[in-house]
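Every number for a ligand or one of its atoms is a count from 1 in the order of the listing.
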Amino acid sequence: MTGAAQDKTEEVREMKKLSKLLITGASGRLGSVCRGRLGHLADNLRLSDCKDLGDAREGEEIVYCGLEDKDAVMELVQGCDGIVHLGGQATEAPWETIRAANIDGIVNLYEAARKSSVTPRIVFASSNHAIGFHEQTERLDANSRTRPDGFYGVSKVFGEAVASMYHDKFGIETASIRIGSCFPEPANHRMLSTWLSYDDLIRLIVRVFAVPRLGCPIIYGASANAASWWDNRETAYLGWQPQDTSEVFRAKLDATMQPPSANDPNAVYQGGTFCSDGIHES
Ligand code: 15L
């Protein structure tokens, strides 16, 4: 048994069903995966994006909303007891773009959460680009210092800081997941270390909503890759055990491309070529 059926039968037993789970960025790649796989966590899914979300299916409501629109976000968050925040700018971009979606956007989201009649538990899609300038020879855990590799990485560090402040001041619980490379399979040799399978991502989100006390942890979002640089021992209490590994793709990758040379950013830095990219000017 795989996928949605397994999510339903194995993990949900111990948790109380959410009433309304908001997924921001629901039309994106990960948003679509979550839309298809997290419905069982809540009585109702509220899906939001600026881009087309198609027709609402049973148990879904669709709200078109730009994260930089404070009033719209206030309405969007109202009544949601869970949020999977995938919305915003998902890769490097000019500062104005990052600022609107990932800086103003996340403050709008947490202000709305603070003022909502129900306090939501939040999953924040952070990124490995919050620590991208660490070299691949280093082993990181949740206490390692941030080393963002661009405006995008800076915005993820900011998002983690916002989550931390709202937890300390107002008790809002957030899991900040520093997602590695969440794709159907690793696309290059760097991703043998950073790859996160869709199944492991879903298992992690299910655990975040299942545990009685979440707090405000930083979690590295990677599968059980033999080549991993990241240590999640700090968050063992979540009971998340990634079950997939990038090793099953190694031979295929070796057959289709050369590994990067020793001084290639993809072989030096955890954030790969994000570290060698220049600033994206407007
Ligand atoms: C990310 O944060 C991006 O959203 C994704 O497109 C990939 O670039 C990924 O990081 C990665 O580092 O592989």
- Task: Determine, for Lys70 against Asp104, whether the closest basic-nitrogen to carboxylate-oxygen distance falls under 4.0 angstrom.
- Result: no
- Salt-bridge contact Arg203-Asp244 (side-chain N to carboxylate O under 4.0 Å): yes
- Message: Quick one: does any side-chain atom of Trp195 pair with a main-chain N or O of Gly180 as donor and acceptor, under 3.5 Å?
- Response: no
- In terms of side-chain geometry, is the basic nitrogen of Glu96 or Arg99 positioned less than 4.0 Å from the acidic oxygen of its partner? no
- Message: Would you call the rings of Tyr166 and Tyr110 parallel, tilted or perpendicular, taking 30° and 60° as the class edges?
- Response: tilted
Tabulate distances under 3.5 Å between N/O atoms of ligand 1 and N/O atoms of the protein, writing both atom names on each line.
| unit_1 | atom_1 | unit_2 | atom_2 | d |
| --- | --- | --- | --- | --- |
| ligand 1 | 2 (O) | Ser127 | OG | 2.8 |
| ligand 1 | 2 (O) | Tyr152 | OH | 2.7 |
| ligand 1 | 4 (O) | Ala90 | O | 2.6 |
| ligand 1 | 4 (O) | Tyr152 | OH | 3.3 |
| ligand 1 | 10 (O) | His129 | NE2 | 3.1 |
| ligand 1 | 12 (O) | Asn128 | ND2 | 3.0 |
| ligand 1 | 12 (O) | His129 | NE2 | 2.7 |
| ligand 1 | 12 (O) | Arg190 | NH1 | 3.4 |
| ligand 1 | 12 (O) | Arg190 | NH2 | 2.8 |
| ligand 1 | 13 (O) | Ser181 | OG | 2.6 |
| ligand 1 | 13 (O) | Arg190 | NH1 | 3.2 |

- Query: Charged N to carboxylate O under 4.0 angstrom, Asp49 versus Lys51?
  - Reply: no
